Chemist: 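I have a structure here, written as structure tokens, and I will follow up with some questions on it.
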Amino acid sequence: MPFRVLLTGVATASLMTSVAWGSDAQDGAVTGADEVRAIVAEMMADAERRSSLMQTGGKVSAGPGGFVISSDDDAFRLRVGGYTQFRYLANFRGDEGGTVDDFESGFTLQRTRLLFSGRAHDSIDFLLLPFAGPNGTWSIIDAWARFELADNWKLRVGQFKLPFWREWLISERFNFAVERSELTAVYASIYSQGVQLEYQDDALRVHAAFSDGIRAFNSDFTSPAESDYAFTARADLLLDGEWGMFADNTALGETQQGVLLGFGAHYQGETESLRGVEIDREFQVTADLSYQNTDFSAMVAGVARWLDAANAPTEESFGFLAQAGYFLTDKTEVIAQYEVLIPDADAIGDDPFNAVTVGVNHYFRGHALKLTADVIYFIDDTDGTTIVGFGRDDATGLFPTAETGEFTIRLQLQFVF
């Protein structure tokens with residue numbers, strides 16, 4: 001009531017002043033008492049509506065999960081958050097004798113993202129994730145809604161990560177090292193537009209998607225990057241522990257043991273431009289095993305791909321990833337990672353490409369404020385390995401070079417709100 005009285009008083013005084021000066025008013029100004037009464041009545045009605053809405057309830061809160069606005073019964077909920085990753089990289093490349101003869105370094109704002117997620121009508125959840133990369137250009141990656149169909153069953157529609165490579169499916173906020181492995185750059189599905197059927201119970205989770213294909217996001221249906229058809233499926237078996245443990249690949253905050261076994265497959269048909277190459281079809285499979293306890297975590301993953309480029313023989317390639325972390329204290333974790341890319345034996349460059357990473361994570365406020373320092377050593381030269389999608393990668397710090405002994409020092413401060 002005080003709000004309405006105040007609003008009405010201000011409005012009436014203002015409008016009566018307009019009437020008093022009506023003879024000098026500009027076109028469209030209030031010039032009659034009847035108009036004053038009509039506008040005051042309308043404003044009174046609007047104030048009444050606002051007062052009623054305020055009395056219906058609602059909650060506003062803030063915490064590690066972001067800023068949350070919700071109805072009293074939580075049937076409607078909106079969470080607003082975001083994160084940024086600020087990096088320094090220094091790359092050293094040596095000649096055959098191991099002498100450093102080239103150097104690149106500098107700062108980069110690798111990722112800046114806003115996050116809008118929530119629930120509507122008590123049966124629909126959603127995610128909208130605008131982002132800016134190092135070039136500062138804003139775009140959209142996640143943009144989907146998910147509907148509850150029945151017990152344990154959901155349907156997701158929109159743009160989302162295809163359910164294939166586990167390292168990619170884990171959010172950038174929970175990266176094990178400063179950046180994901182080179183295998184992610186080659187084999188990860190990235191984002192696509194489509195529909196996905198999902199099932200989850202206490203021990204089994206299955207996702208099956210029909211989409212535009214690998215890396216077909218923010219594209220029109222006529223885009224050459226989109227496949228005629230693509231199918232992706234992944235199954236995860238929770239052998240021990242709880243699902244929430246495996247949102248990341250570290251033992252941060254864990255109080256029990258957990259084991260997760262996963263399998264994935266992807267097939268897509270003719271695509272005019274997949275990583276810049278016209279293909280007739282692509283098929284790839286993956287398997288991974290993750291383990292966590294109170295202070296130790298580990299994951300191993302393998303992947304294989306058969307890619308038929310237009311007017312070219314089938315390219316076979318394989319990859320293997322192993323990573324492990326151990327907490328020295330409650331907040332400090334040492335990490336190590338090994339990865340290898342194995343090209344087709346008939347490729348022009350048929351040499352395997354190996355890389356080793358060692359580093360440390362310090363969690364000031366969990367993942368919300370985290371400092372990561374690591375060194376990645378690229379054992380082999382890139383010219384000796386020919387795999388579609390492999391090459392220079394500014395995110396990991398890999399440069400194209402015919403030299404051996406390349407390594408990059410990486411530092412990253414992550415802030416999540």
Side-chain angles (χ1 to χ4, degrees), residues 156 159-170 180-199 204-217 219 221 223-237 261-289 299-322 339-353 385-391 393:
R156 187 186 315 220
Q159 183 166 283
F160 48 85
K161 293 181 177 180
L162 293 180
F164 183 71
W165 180 243
R166 171 158 165 74
E167 188 188 29
W168 171 251
L169 294 176
I170 297 173
R180 297 183 178 99
S181 67
E182 285 300 320
L183 275 71
T184 290
V186 176
Y187 298 108
S189 55
I190 314 297
Y191 288 88
S192 189
Q193 300 164 352
V195 296
Q196 178 170 280
L197 186 64
E198 304 176 3
Y199 172 85
L204 173 65
R205 179 173 60 199
V206 179
H207 291 170
F210 172 58
S211 72
D212 289 329
I214 287 176
R215 300 167 186 258
F217 64 103
S219 58
F221 77 101
S223 169
E226 295 195 0
S227 174
D228 292 339
Y229 53 88
F231 303 94
T232 314
R234 180 177 171 89
D236 292 295
L237 304 175
L261 178 63
F263 304 92
H266 173 84
Y267 179 86
Q268 74 180 66
E270 183 177 349
T271 311
E272 289 184 41
S273 180
L274 178 65
R275 305 177 186 87
V277 176
E278 183 180 355
I279 69 164
D280 293 329
R281 65 190 62 84
E282 177 187 37
F283 176 63
Q284 56 187 38
V285 295
T286 184
D288 49 79
L289 179 66
M299 183 185 77
V300 293
V303 61
R305 183 177 73 189
W306 294 265
L307 188 150
D308 291 335
N311 304 314
T314 300
E315 176 199 89
E316 298 179 352
S317 62
F318 307 90
F320 175 77
L321 173 68
E339 57 185 295
V340 59
L341 283 163
I342 305 172
D344 195 304
D346 296 327
I348 296 174
D350 60 358
D351 295 337
F353 185 84
T385 306
T386 301
I387 297 177
V388 170
F390 174 64
D393 188 343

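Everything numeric in this text was worked out from a predicted model, so none of it was measured.
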Chemist: Which residues satisfy the side-chain contact (heavy atoms from CB on, under 4.5 Å) test with A312, sequence neighbours excluded?
Modeler: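 side-chain contact (heavy atoms from CB on, under 4.5 Å) list for A312, sorted by chain: A309.
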Chemist: In Å, rounded to the nearest 0.5 Å, how long is the span from CD of E339 to CD of E182?
Modeler: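 CD of E182 is found 6.0 Å from CD of E339.
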Chemist: Who passes side-chain contact (heavy atoms from CB on, under 4.5 Å) against T271, sequence neighbours left out?
Modeler: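 T271 satisfies side-chain contact (heavy atoms from CB on, under 4.5 Å) with S227, Q268, L274, I279 only.
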Chemist: Tell me every residue that passes side-chain hydrogen bond (donor to acceptor under 3.5 Å, both in side chains) with S317, counting only those two or more places apart in sequence or in another chain.
Modeler: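 Partners of S317 by the side-chain hydrogen bond (donor to acceptor under 3.5 Å, both in side chains) criterion, ordered by chain and then number, come out as Y187.
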Chemist: Taking all atoms of both residues into account, what is the closest heavy-atom pair of D393 and A185, and its distance?
Modeler: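 Looking at all heavy atoms of both residues, the closest pair is OD2-CB, 3.7 Å.
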Chemist: Taking only residues two or more places apart in sequence or in another chain, which ones pass salt bridge (charged side-chain N to carboxylate O under 4.0 Å, His left out) with D288?
Modeler: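 Residues passing salt bridge (charged side-chain N to carboxylate O under 4.0 Å, His left out) with D288: R234.
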Chemist: Excluding sequence neighbours, so at least two apart, what forms side-chain contact (heavy atoms from CB on, under 4.5 Å) with T386?
Modeler: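 A347, I348.
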Chemist: Can you tell me how far OH of Y191 sits from OG of S211, rounded to the nearest 0.5 angstrom?
Modeler: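 Reported value, rounded in 0.5 Å steps: 14.0 Å.
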Chemist: Only one of I387, V303, L321 clears side chain to side chain contact (heavy atoms under 4.5 Å, CB included) with L341; which?
Modeler: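 For L341, the side chain to side chain contact (heavy atoms under 4.5 Å, CB included) test succeeds with only one of I387, V303, L321, which is I387.
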Chemist: Grab the two heavy atoms, one from F160 and one from G194, that are nearest each other, plus how far apart they are.
Modeler: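 Heavy atoms of F160 and G194 come nearest at CE2-O, 3.4 Å.
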Chemist: Look up atom CZ in F320 and atom CG in L183, then write down how far apart they are to the nearest 0.5 Å.
Modeler: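 If we round to the nearest 0.5 Å, F320:CZ and L183:CG are 10.0 Å apart.
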Chemist: What are the two closest non-hydrogen atoms of E226 and S219, and how far apart are they?
Modeler: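 Looking at all heavy atoms of both residues, the shortest contact is OE2-OG, 2.7 Å.
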Chemist: With salt bridge (Lys or Arg N to Asp or Glu O under 4.0 Å) as the rule and sequence neighbours excluded, what pairs involving residues 265-280 come up?
Modeler: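 Sorted result for residues 265-280: R275-E282.
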Chemist: Do L204 and L237 touch side chain to side chain, with heavy atoms closer than 4.5 Å?
Modeler: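 Contact flag for L204/L237 side chains = yes.
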Chemist: Check whether T286 reaches the backbone of G302 with its side chain - one donor and one acceptor, N or O, closer than 3.5 Å.
Modeler: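 Yes, T286 side chain to G302 backbone: donor-acceptor pair under 3.5 Å.
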Chemist: Taking only residues two or more places apart in sequence, or in another chain, which ones meet V285 in a side-chain contact (heavy atoms from CB on, under 4.5 Å)?
Modeler: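 side-chain contact (heavy atoms from CB on, under 4.5 Å) list for V285, sorted by chain: A265, F283, A304, W306.
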Chemist: Using atom types as modelled and distance alone, determine if a side-chain donor or acceptor of R180 lies under 3.5 Å from a backbone N or O of E167.
Modeler: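 Yes; judged by distance alone, with no hydrogens or angles, the pair exists.
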Chemist: With a 3.5 Å distance limit and no angle check, can you tell me whether S273 reaches the backbone of A225 through a side-chain donor-acceptor pair?
Modeler: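 The answer is no, because no donor-acceptor pair under 3.5 Å joins these two groups.
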Chemist: With sequence neighbours excluded, what pairs up with Y229 under the ring-ring contact (aromatic ring centres under 6.0 Å, His included) test?
Modeler: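 Result, ring-ring contact (aromatic ring centres under 6.0 Å, His included) vs Y229: none returned.
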Chemist: Distance from L169 atom CG to H207 atom NE2, nearest 0.5 Å?
Modeler: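 Between L169 CG and H207 NE2, I get 9.0 Å after rounding to 0.5 Å.
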Chemist: If the condition is salt bridge (charged side-chain N to carboxylate O under 4.0 Å, His left out), which residues does E315 pass it with, not counting sequence neighbours?
Modeler: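 E315 satisfies salt bridge (charged side-chain N to carboxylate O under 4.0 Å, His left out) with R305 only.
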Chemist: So which atom in G349 and which in P343 form the shortest heavy-atom distance, rounded to 0.1 Å?
Modeler: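 Closest heavy-atom pair between G349 and P343: O-CG, 3.5 Å.
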Chemist: Does F231 have any ring-ring contact (aromatic ring centres under 6.0 Å, His included) partners at least two apart in sequence or in another chain, and if so, which?
Modeler: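 Per chain and number, F231 pairs via ring-ring contact (aromatic ring centres under 6.0 Å, His included) with F210.
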Chemist: Is there side-chain contact between H266 and S189, with at least one heavy-atom pair below 4.5 Å?
Modeler: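 No - every pair of side-chain heavy atoms lies 4.5 Å or more apart.
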Chemist: When you check the side-chain N and O atoms of W165 and T184, is any donor under 3.5 Å from an acceptor?
Modeler: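 Yes, T184 and W165 have a side-chain donor paired with an acceptor closer than 3.5 Å.
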Chemist: So how far is it from Q196 CD to T232 OG1, rounded to the nearest 0.5 Å?
Modeler: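 Result: 8.0 Å between the selected atoms.
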Chemist: Could you work out, with salt bridge (charged side-chain N to carboxylate O under 4.0 Å, His left out) as the rule, every residue matching D308, not counting sequence neighbours?
Modeler: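 Partners of D308 by the salt bridge (charged side-chain N to carboxylate O under 4.0 Å, His left out) criterion, ordered by chain and then number, come out as R281.
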Chemist: How long is the gap from CD on Q193 to CG on L162, to the nearest 0.5 Å?
Modeler: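 That separation rounds to 10.5 Å.
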Chemist: For the residue pair G262 and D236, what are the closest heavy atoms and their distance?
Modeler: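 So the minimum-distance heavy-atom pair works out to CA-OD1, 3.5 Å.
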Chemist: Using the test ring-ring contact (aromatic ring centres under 6.0 Å, His included), find all partners of F390 that sit at least two apart in sequence or belong to another chain.
Modeler: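 Expected list: F353.
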